[in-house]
Colleague: 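Sending over a structure as structure tokens; questions will come in a sec.
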Amino acid sequence: MLRPGLDPVLVREQFFVLAHDETRHMKPRLHVPALAAGLAGATVMDLLITERVTIESGSVVPDWHRRESTGDPVTDDVLAIIMAKAPGPALPALIRSAAPGLYERTTAALVHRGLIVELPARRWRKKEYEIADEGVAVRVRAKVGYRMDGRDQPSPDADCLCGLVSALGLHGALLRGTRAEVEPLLLKVMAELPERARPSRHPVGQAPAVAAAVLSVVQDLATAAM
């Protein structure tokens with residue numbers, strides 16, 4: 001299922017794009033703590049795709065024989081959290097541990113990579129950004145939309161994004177109908193993912209568990225804020 005040379009942060013970057021309104025200076029579509037939990041989940045999904053971790057009995061277990069860098073400092077730090085606790089941390093606990101600061105670090109990384117641009121500072125205003133190429137947002141949105149419509153073949157990153165969109169209620173970002181219309185299509189993609197991954201025993205088949213853990217953490221955040 002994994003294409004040669006696949007970017008080790010493909011899901012996290014694409015999720016970041018979906019989770020922002022590119023027409024309004026990249027305004028987040030979610031509260032930052034929930035967005036950070038989504039980014040943590042996306043990072044775990046990237047590690048599943050690149051076969052650096054697997055999920056066993058609800059815990060994230062690293063490949064102890066592979067200790068080289070993933071090529072991305074943020075992903076490396078999440079992997080370090082995983083490797084610090086043998087046999088591996090529970091999924092929700094990992095997402096909670098990895099989430100703080102992840103939004104800011106991902107934003108900085110995407111500015112460095114040229115995907116988003118920091119706008120000139122204005123007095124009394126928070127930092128604002130804009131996407132360098134609006135076509136990127138269009139392509140990410142289309143990737144998820146085509147996948148859930150069955151117009152594209154399965155791909156690890158598109159299938160993982162479907163799970164995160166469902167878990168975090170980002171249905172409106174797809175511009176493809178109401179939540180009631182979109183949700184069953186997203187759930188179908190995720191329900192079929194473990195079976196598609198089973199013949200090759202690819203770890204990405206465990207991505208639905210990551211999406212469920214993200215939802216659980218976000219629900220806990222909402223309850224704590226009440």
Colleague: Going by heavy atoms in the side chains, are Phe15 and Leu170 under 4.5 Å from each other?
Modeller: yes
Colleague: Does atom CZ (Arg24) have a neighbourhood of more than 12 heavy atoms from anything else shown, all under 6.0 Å?
Modeller: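 Counting neighbours around CZ of Arg24, 12 or fewer heavy atoms of other residues, nucleotides or ligands fall under 6.0 Å, so no.
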Colleague: Do the charged groups of Lys143 and Asp152 touch, with an N to O distance under 4.0 Å?
Modeller: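 Here Lys143 does not pair with Asp152 in a salt bridge, since their nearest N and O are not under 4.0 Å apart.
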Colleague: Checking side-chain contact (heavy atoms from CB on, under 4.5 Å) between Phe16 and each of Val11, Leu115, Val140, Ile116, which is the one that passes?
Modeller: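 Of all the options given, the one that passes is Ile116.
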Colleague: Nearest heavy-atom pair of Arg147 and Ser155: which atoms, and what distance?
Modeller: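 So the minimum-distance heavy-atom pair works out to NE-N, 4.3 Å.
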Colleague: Measure from the side-chain N and O atoms of Ser59 to the backbone N and O of Val61, and report whether any donor-acceptor pair falls under 3.5 Å.
Modeller: no
Colleague: Applying salt bridge (charged side-chain N to carboxylate O under 4.0 Å, His left out), name anything that partners Arg151, two or more places apart in sequence or on another chain.
Modeller: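 Expected list: none.
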Colleague: Would you mind reporting whether Asp159 and Arg196 have side-chain heavy atoms less than 4.5 Å apart?
Modeller: yes
Colleague: Run the salt bridge (charged side-chain N to carboxylate O under 4.0 Å, His left out) test against Asp63 and tell me which residues pass, sequence neighbours left out.
Modeller: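 Testing Asp63 for salt bridge (charged side-chain N to carboxylate O under 4.0 Å, His left out), a comparison that skips the adjacent residues, returns none.
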Colleague: Would you call Asp72 and Arg105 a salt bridge, using N to O less than 4.0 angstrom?
Modeller: no
Colleague: Cut-off 3.5 Å, no hydrogens considered: what does the side-chain donor-acceptor table look like for residues 204-217, sequence neighbours left out?
Modeller:
residue : atom : partner : partner atom : Å
Gln206  : OE1  : Thr54   : OG1          : 3.0
Gln206  : OE1  : Ile55   : N            : 2.9
Gln206  : NE2  : Thr54   : OG1          : 3.1
Gln206  : NE2  : Ile55   : O            : 3.2

Colleague: Would you say Val117 and Val111 make side-chain contact, with heavy atoms under 4.5 Å?
Modeller: no
Colleague: Taking salt bridge (charged side-chain N to carboxylate O under 4.0 Å, His left out) as the test, write out the residues that go with Arg29, two or more places apart.
Modeller: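 Arg29: salt bridge (charged side-chain N to carboxylate O under 4.0 Å, His left out) contacts with Glu22.
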Colleague: Begin with the C-alpha distance, continue with both residues' side-chain angles, and end with the deciding distance and a verdict on side chain to side chain contact (heavy atoms under 4.5 Å, CB included) for Trp64 and Met83.
Modeller: CA-CA 8 Å; Trp64 296 101; Met83 300 188 83; 3.8 Å; yes
Colleague: Do Pro28 and Tyr103 have side chains that get closer than 4.5 Å, going by heavy atoms?
Modeller: yes
Colleague: Just grab all the side chain to side chain donor-acceptor pair (under 3.5 Å) pairs involving residues 78-99, residues at least two apart or on different chains.
Modeller: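 Residue pairs passing side chain to side chain donor-acceptor pair (under 3.5 Å), neighbours aside: Arg96-Asp220.
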Colleague: Can Val138 be reached from Val182 by stepping across I, L, V, M, F, W or Y side chains whose heavy atoms are under 4.5 Å apart?
Modeller: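 Per the 4.5 Å side-chain linkage, Val182 and Val138 are not co-clustered.
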Colleague: Mind running side chain to side chain donor-acceptor pair (under 3.5 Å) on Arg52 and Thr75 for me, showing each step along the way?
Modeller: CA-CA 11 Å; Arg52 296 298 297 265; Thr75 307; over 6 Å; no
Colleague: Keeping to residues at least two apart or across chains, list the side chain to side chain donor-acceptor pair (under 3.5 Å) pairs with something in residues 177-188.
Modeller: Ser166-Glu183, His171-Glu183, Thr178-Glu181, Lys188-Glu192
